[in-house]
Amino acid sequence: MFTHVASVDKPRRPLVLVHGLWDTPHLFRRLVKVLEQHQLPLQIPHLPHRLGVVPLSKLAETLDQLIVEQWGAETVIDVLGFSMGGVISRIWLQQLGGSRRTHRFLSVGSPQRGTITAQWIPSCLFAGLADMKRGSPLLRQLNGNVSALEDIECSSYFCRWDVMVVPGWQAVLPVGEQQAVPVITHQQLMSHPLALKLLISKLLSN
């Protein structure tokens with residue numbers, strides 16, 4: 001894990017960035033470069049998913065431990081989860097009590113309603129990937145009761161033509177605002193200047 005923290009005159013809420021499948025914290029390098037200029041305290045944990053073998057609930061437990069280690073148990077934070085990281089973040093928010101200390105949650109290209117690309121993956125071999133199937137027990141549980149998200153400022157960003165999360169237009173939370181990003185690929189949601197501009201504007205807003 002690596003963490004960027006900058007001293008500030010006017011304290012900002014820390015932001016936790018959660019990467020997805022086949023990604024590392026390096027994914028956020030373009031976003032981090034801009035946010036550091038605004039002296040935003042950042043935590044970018046590495047969550048080893050072993051190519052999708054590790055169940056997402058286990059990764060959420062690891063995320064919880066790392067957040068507590070970095071910020072304690074009470075500090076109010078914002079969270080941005082990309083791709084699978086958005087589902088991991090949701091588990092932390094809804095099932096591990098993270099919603100009680102979170103002000104803002106950004107879900108970016110995350111299969112919050114599942115993805116067809118995971119549909120035929122055997123859960124006995126790749127439990128984490130199978131958690132992202134449409135209609136998986138995990139997603140049914142998360143979407144069956146979203147009361148923990150109702151007091152959080154939630155935003156979903158998605159790519160209509162996403163071939164990783166299919167259908168792309170359903171890569172949204174059941175609460176909060178939803179915005180289609182005019183990019184072509186899944187990874188461009190975290191790299192294209194238009195996407196970064198939208199995310200940065202939201203993250204730096206009061």
Side-chain angles (χ1 to χ4, degrees), residues 1 12-21 23 28 40-45 47 49 52 54-115 118 123 127-158 165 168-179 189-190 198-199 202-206:
M1 178 191 75
R12 290 182 179 271
R13 284 186 306 275
L15 170 65
V16 178
L17 301 172
V18 186
H19 67 79
L21 183 68
D23 289 320
F28 298 112
L40 187 68
L42 300 174
Q43 181 180 16
I44 313 154
L47 302 177
H49 47 69
V54 182
L56 300 194
S57 59
K58 293 295 183 183
L59 295 175
E61 291 172 4
T62 301
L63 176 64
D64 181 58
Q65 294 168 3
L66 294 172
I67 290 174
V68 172
E69 287 174 6
Q70 182 66 37
W71 307 113
E74 303 296 332
T75 302
V76 177
I77 64 174
D78 292 341
V79 179
L80 182 153
F82 172 68
S83 195
M84 186 176 76
V87 181
I88 296 169
S89 300
R90 236 184 117 184
I91 298 168
W92 178 73
L93 290 166
Q94 292 182 238
Q95 299 184 346
L96 300 180
S99 63
R100 293 192 293 268
R101 60 177 300 177
T102 301
H103 175 80
R104 176 181 289 151
F105 174 41
L106 276 64
S107 169
V108 184
S110 297
Q112 304 293 2
R113 307 186 190 197
T115 172
S123 57
L129 290 176
D131 280 335
M132 294 184 288
K133 293 181 180 183
R134 290 177 67 81
S136 74
L138 171 66
L139 292 178
R140 287 202 307 270
Q141 189 174 33
L142 291 175
N143 290 321
N145 183 357
V146 297
S147 59
L149 300 179
E150 292 174 353
D151 293 328
I152 301 174
E153 183 183 321
C154 293
S155 301
S156 301
Y157 298 85
F158 64 96
V165 180
W169 52 271
Q170 284 200 342
V172 295
L173 296 163
V175 297
E177 64 180 13
Q178 304 172 1
Q179 184 161 0
L189 287 167
M190 287 307 312
L198 287 171
L199 297 177
K202 174 62 70 173
L203 291 170
L204 295 180
S205 64
N206 293 327

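Hydrogens, waters and symmetry mates play no part in the numbers below; they use all other heavy atoms, side chains included. Numbers for residues simply follow the sequence, beginning at 1.
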Residues two or more places apart in sequence or in another chain: which of them pass salt bridge (charged side-chain N to carboxylate O under 4.0 Å, His left out) with Asp64?
none
Any non-hydrogen side-chain atom of Lys202 less than 4.5 Å from a side-chain atom of Glu177?
yes
Taking all non-hydrogen atoms of both residues, which atom of Ala148 and which atom of Ser99 are closest, and how far apart?
O-CB, 3.2 Å
Separation between CZ of Arg113 and CZ of Arg134, rounded to the nearest 0.5 Å
9.0 Å
Do Gln95 and Ser57 pair up side chain to side chain, a donor and an acceptor below 3.5 Å, judged on atom types alone?
no
Do Gln112 and Ser107 have side chains that get closer than 4.5 Å, going by heavy atoms?
yes
Would you indicate whether the side-chain heavy atoms of Ile77 and His103 approach each other to under 4.5 Å?
no
CG on Asp78 to CD on Glu153, rounded to 0.5 Å
8.0 Å
Any Val79 side-chain heavy atom under 4.5 Å of Ile152 side chain
no
Quick check: does any side chain N or O of Ser136 sit under 3.5 Å from a backbone N or O of Leu139, one acting as donor and the other as acceptor?
yes
Identify the heavy atoms of Phe105 and Gly81 that sit nearest to each other, and give their distance.
CE1-N, 4.2 Å
Just do the side-chain contact (heavy atoms from CB on, under 4.5 Å) check on Phe158 and Val165 with the steps written out, would you?
CA-CA 9 Å; Phe158 64 96; Val165 180; over 6 Å; no
Tell me, do Leu96 and Leu63 make a side-chain contact under 4.5 Å, heavy atoms counted?
no
side-chain contact (heavy atoms from CB on, under 4.5 Å) evaluation trace for Arg12 with Leu204:
CA-CA 9 Å; Arg12 290 182 179 271; Leu204 295 180; 3.9 Å; yes
I want to check something: taking the side chain as every heavy atom from C-beta on, are Gln70 and Thr75 in contact at a cut-off of under 4.5 Å?
no
Test item: Gln43 side-chain N/O and Leu66 main-chain N/O as donor-acceptor pair under 3.5 Å
yes
Shortest non-hydrogen contact from Leu59 toward Leu47:
O-CD2, 4.1 Å
Do side-chain atoms of Gln94 reach the backbone of Leu142 as a donor and acceptor pair under 3.5 angstrom?
yes
For the atom pair OG (Ser110) and CD1 (Ile88), what is the distance rounded to the nearest 0.5 Å?
9.0 Å
Quick check against the 3.5 Å criterion: does Asp131 have a side-chain atom that pairs as donor or acceptor with the backbone of Leu138?
no
Hey, could you give me the CZ/CG distance between Arg90 and Leu173, rounded to the nearest 0.5 Å?
5.5 Å
Can you tell if the side chain of Met190 reaches within under 4.5 Å of the side chain of Leu199, non-hydrogen atoms only?
yes
Heavy-atom nearest pair, Ser156 first then Ala171, reads CB-O, 4.4 Å
OG-CG distance between Ser155 and Leu106, expressed to the nearest 0.5 angstrom:
5.0 Å
Heavy atoms of Ser89 and Val18 approach each other most closely as OG-CG2, 3.4 Å
Separation between CG of Leu203 and CG of Leu17, rounded to the nearest 0.5 Å:
7.5 Å
If only side-chain N and O atoms count, and only distance matters, is there a donor-acceptor pair under 3.5 Å linking Arg104 with Ser205?
yes
Taking the side chain from Glu150 and the backbone from Val175, do they hold a donor-acceptor pair closer than 3.5 Å?
no
Would you mind reporting whether Leu42 and Phe28 have side-chain heavy atoms less than 4.5 Å apart?
no
Exercise: identify the closest heavy-atom pair between Pro111 and Met132:
CG-SD, 3.6 Å
